Q: 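First, the structure itself, so that you have it in front of you.
Owing to the predicted nature of the structure, the values given are computational and were not obtained by experimental measurement. A, B, ... follow the sequence lines: proteins, then strands. Residue 1 opens every chain.
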Protein chains: 2
Amino acid sequence: MIIIFPMQKKEIITIHDIARKAGVSPSTVSRVMNNTVPVADNKREAVLAAVAALNYRPNILAQNLVRGRSMAIGILTQNIASPFYGEIHQGIEQGLKDSGYHPLFVVGNWHLPEELVALETLTMRQVDGIIMLAGTIPDERVRQVAATTPLIMAGRWVKGLEQQCLQIDNIKGSYEATCHLLQLGHRRIVLLQGVLNHGDAVERRLGYEQAMREANLEIDPQLIIDGQFTRQSGLLAVEQLLNRNVFFSAMFAMNDEMAYGARLVLYRRGLRVPEDISIIGFDDTVQSAYTTPPLTTIRYPMFEMGLQAAQAILKLIQGETVILPLLPTQLIVRESTVRYHQ
Amino acid sequence: MIIIFPMQKKEIITIHDIARKAGVSPSTVSRVMNNTVPVADNKREAVLAAVAALNYRPNILAQNLVRGRSMAIGILTQNIASPFYGEIHQGIEQGLKDSGYHPLFVVGNWHLPEELVALETLTMRQVDGIIMLAGTIPDERVRQVAATTPLIMAGRWVKGLEQQCLQIDNIKGSYEATCHLLQLGHRRIVLLQGVLNHGDAVERRLGYEQAMREANLEIDPQLIIDGQFTRQSGLLAVEQLLNRNVFFSAMFAMNDEMAYGARLVLYRRGLRVPEDISIIGFDDTVQSAYTTPPLTTIRYPMFEMGLQAAQAILKLIQGETVILPLLPTQLIVRESTVRYHQ
DNA sequence: ATTTCAATTGACATCGTTTTCAAATATGAT
DNA sequence: ATCATATTTGAAAACGATGTCAATTGAAAT
């Protein structure tokens with residue numbers, strides 16, 4: 001037998017109830033609630049007392065309507081379950097805390113149609129600002145949105161909107177990753193790259209090329225393989241590479257996820273990390289300190305990025321201008337890379 | 001030099017504009033927009049035409065006020081960055097899709113004070129329903145909330161509110177995990193447990209005990225060690241265990257995260273998995289298929305749980321009754337467990 | 001005691017919808 | 001045709017706040 005308890009009908013108390021109880025007008029109640037205009041001390045007390053007595057809470061829906069603001073910041077994210085985006089979300093949460101604004105997440109999955117409906121949802125819900133986390137919405141469209149709504153783009157450059165883009169120094173990070181391997185004596189370094197329609201991928205490719213060039217090594221196309229920033233794709237790419245029997249002693253995966261996939265194939269094939277193959281990743285996802293062996297990688301300041309994006313969007317909403325820094329990356333040396341010896 | 005483009009002032013078009021343009025009253029416009037009452041065909045056409053021409057979108061803020069609904073479902077989650085909760089969130093997203101409701105995430109971090117302010121945020125924002133993902137808010141308080149707002153509790157039992165709790169069969173899952181190890185010939189099985197104020201932990205303990213009892217093995221307290229469901233805590237606990245030099249050949253970690261931590265210590269100490277020690281986890285977090293070796297574990301239907309929670313809350317809001325199933329777990333055998341041989 | 005000016009206050013319009021209620025129109029039966 | 005009954009419609013009242021504007025009050029200055 002199923003017993004359903006009737007929902008307790010909660011009688012809503014309004015600003016008028018408070019006004020009546022405190023013997024003032026609703027306007028005055030509003031004034032003390034919002035501290036917008038000075039109110040005589042005795043009346044203020046009376047209002048506060050009434051508020052406390054009736055446990056009054058202003059109706060946000062009404063406030064939103066009259067103020068024309070939703071007090072929501074739309075977050076157009078790409079994956080709500082990935083640890084990478086998760087850390088950015090945490091940063092955003094933190095940055096929005098106590099601001100009165102709350103994040104409204106919609107997800108695009110790196111898939112244009114989905115991203116567009118997600119964006120549509122945000123404008124329909126009349127968010128007061130938008131933080132986009134990369135994605136594939138065309139620059140032109142992003143600029144259109146930015147023209148009518150405060151917007152911060154995190155993790156991607158949009159032409160003509162550079163002041164509102166928050167990005168890391170991909171080239172430098174990638175350059176340092178490659179240099180790390182080079183300094184350990186590696187010469188045959190595989191680059192496991194992500195899809196090249198992705199800005200991060202092309203920048204990281206540049207950093208790799210720069211480091212190789214400076215080491216006077218020519219870039220062997222056989223060493224460059226394609227993934228899609230996922231574990232699975234990393235696994236597949238390296239599997240094919242191994243089947244082709246090209247020699248290499250180290251690998252730079254453009255993100256940690258692909259490094260995990262790569263590491264698993266190597267394990268399956270009996271190749272040891274780092275004794276036989278050194279691996280370096282990119283991102284420093286939370287898992288990377290706990291893989292076996294712990295993964296050497298380039299730290300992507302995800303939390304920081306979320307935090308700064310949130311702070312920036314708040315300023316933009318206030319009509320202030322923002323100056324966004326180029327976030328630095330950092331080489332984290334753990335145990336998946338080691339000096340080369342034949 | 002920083003150039004700031006002035007925000008384009010978007011003139012809002014209201015239901016009155018449409019009414020005027022279509023030569024009808026606002027009421028009629030509302031009626032065709034919501035299909036609430038039949039409207040003469042010619043007028044309906046006129047309205048639709050006007051809507052299309054002016055690209056009219058109803059103001060949600062106004063709708064919310066007059067309807068007294070926020071069209072938001074509050075999700076009181078514990079960690080916005082963990083893959084475990086992430087998958088639940090995905091399920092919720094899916095379940096809410098096209099319902100007109102959107103999820104509003106607030107996070108509690110398994111920390112009562114934070115959870116309470118998160119809950120406060122939700123009621124302040126007047127969400128139409130609440131999905132709680134476990135947490136430490138006392139049963140009594142949960143019941144209070146449930147008395148005034150449709151509520152689904154996922155991943156935890158609340159006394160007196162069982163019909164609104166969505167839970168997995170922890171005991172069975174844990175029992176099967178232990179049996180799996182037993183069947184492989186293991187006898188000295190470490191139980192790496194989570195904090196026992198956590199319902200899942202006590203139930204999983206029960207499953208372990210039941211399996212051991214059925215195998216006529218007495219439970220050696222030395223084999224039971226305490227973690228807190230985190231990688232780090234798993235690592236620490238196993239480190240201490242190894243220092244104590246008690247013999248064991250297999251380990252059941254109450255979640256995958258702790259299994260990762262455990263696996264790393266073993267690696268550090270030169271103990272091979274699965275050759276020397278078999279490990280089984282619980283949850284089947286997305287990473288588990290890609291650890292080395294891939295982790296044998298008990299699948300926790302996270303996505304499914306999120307999906308069902310979302311569907312259930314929608315029904316509750318509609319005033320319908322719900323019957324929540326006990327979600328099944330599933331043994332996923334991968335490569336971290338193997339037959340015991342001295 | 002007036003007058004002037006500033007500080008408080010309340011009445012009321014407003015935000016953009018939905019929805020009730022009654023009026024207007026259409027339909028069908030006689 | 002006439003009447004009774006359905007069906008569509010529009011006017012106006014919510015929804016619960018904020019904020020303008022004018023009125024009131026009080027203090028200060030003459």
Q: Can you list, in residue-number order, the parts of residues 45-55 of chain B that come under 4.0 Å of DNA chain D, counting heavy atoms only?
A: none

Q: What residue pairs, at least two apart or across chains, pass ring pair (Phe, Tyr, Trp, His ring centres under 6.0 Å) with a residue in residues 25-77 of chain A?
A: none

Q: How bent is the helix from C:dA1-D:dT30 to C:dT30-D:dA1, measuring the angle between the end axes built from five pairs each, rounded to 10°?
A: 40°

Q: Could I get the full list of side chain to side chain contact (heavy atoms under 4.5 Å, CB included) partners for B:Arg67, not counting sequence neighbours?
A: B:Asn34, B:Gln63, B:Arg69

Q: I'd like to compare against my own output: the B/S/- annotation of nucleotides 8-13 of chain D with a strict under-4.0 Å heavy-atom distance to protein.
A: SBBBB-

Q: Show me the pairs that pass salt bridge (charged side-chain N to carboxylate O under 4.0 Å, His left out) and involve residues 80-103 of chain B, at least two apart or across chains.
A: B:Glu87-B:Arg299

Q: Check the pair A:Arg57 / B:Glu120 against salt bridge (charged side-chain N to carboxylate O under 4.0 Å, His left out), numbers first and verdict last.
A: CA-CA 11 Å; A:Arg57 313 214 136 275; B:Glu120 175 67 14; 3.4 Å; yes

Q: Could you go through the side chain to side chain contact (heavy atoms under 4.5 Å, CB included) check for A:Arg125 and B:Met71 one step at a time?
A: CA-CA 10 Å; A:Arg125 293 224 92 91; B:Met71 301 308 283; 3.3 Å; yes

Q: With heavy-atom distances below 4.5 Å as the criterion, would you say the side chains of B:Leu96 and B:Leu314 are in contact?
A: yes

Q: Between B:Ile75 and B:Ile92, is there a side-chain heavy-atom distance shorter than 4.5 Å?
A: yes

Q: At the 4.0 Å heavy-atom cut-off to chain B, mark where contacts on DNA chain C begin and end, going 5' to 3'.
A: C:dG16 to C:dT20

Q: Looking at B:Leu112, is its backbone amide N or carbonyl O close enough to the side chain of B:Glu114 to form a donor-acceptor pair, meaning the two atoms are under 3.5 Å apart?
A: no

Q: Applying side chain to side chain donor-acceptor pair (under 3.5 Å), name anything that partners A:Asp139, two or more places apart in sequence or on another chain.
A: A:Arg156

Q: Considering residues at least two apart in sequence or located in another chain, which fulfil the side chain to side chain contact (heavy atoms under 4.5 Å, CB included) criterion with A:Ala22?
A: A:Val24, A:Ala46, A:Val47, A:Ala50

Q: Does a side chain donor of either B:Thr136 or B:His111 reach within less than 3.5 Å of an acceptor in the other side chain?
A: no

Q: With a 4.5 Å limit on heavy-atom distance, are the side chains of A:Val322 and A:Gln163 in contact?
A: no

Q: Only one of B:Ile137, B:Leu133, B:Val145 forms a side chain to side chain contact (heavy atoms under 4.5 Å, CB included) with B:Leu76, so which one is it?
A: B:Ile137

Q: Detail all sub-3.5 Å separations between protein N/O atoms and N/O atoms belonging to nucleotides 15-17 of chain D.
A:
| from | atom 1 | to | atom 2 | distance (Å) |
| --- | --- | --- | --- | --- |
| D:dA17 | OP1 | A:Tyr56 | OH | 2.8 |
| D:dA17 | OP1 | A:Asn59 | N | 2.6 |
| D:dA17 | OP2 | A:Ile15 | N | 2.5 |
| D:dA17 | O5' | A:Tyr56 | OH | 3.4 |

Q: Going by side chain to side chain contact (heavy atoms under 4.5 Å, CB included), name the residues that satisfy it together with B:Leu48, two or more places apart in sequence or in a different chain.
A: B:Val32, B:Arg44

Q: What residues form a side chain to side chain donor-acceptor pair (under 3.5 Å) with A:His198, not counting sequence neighbours?
A: none

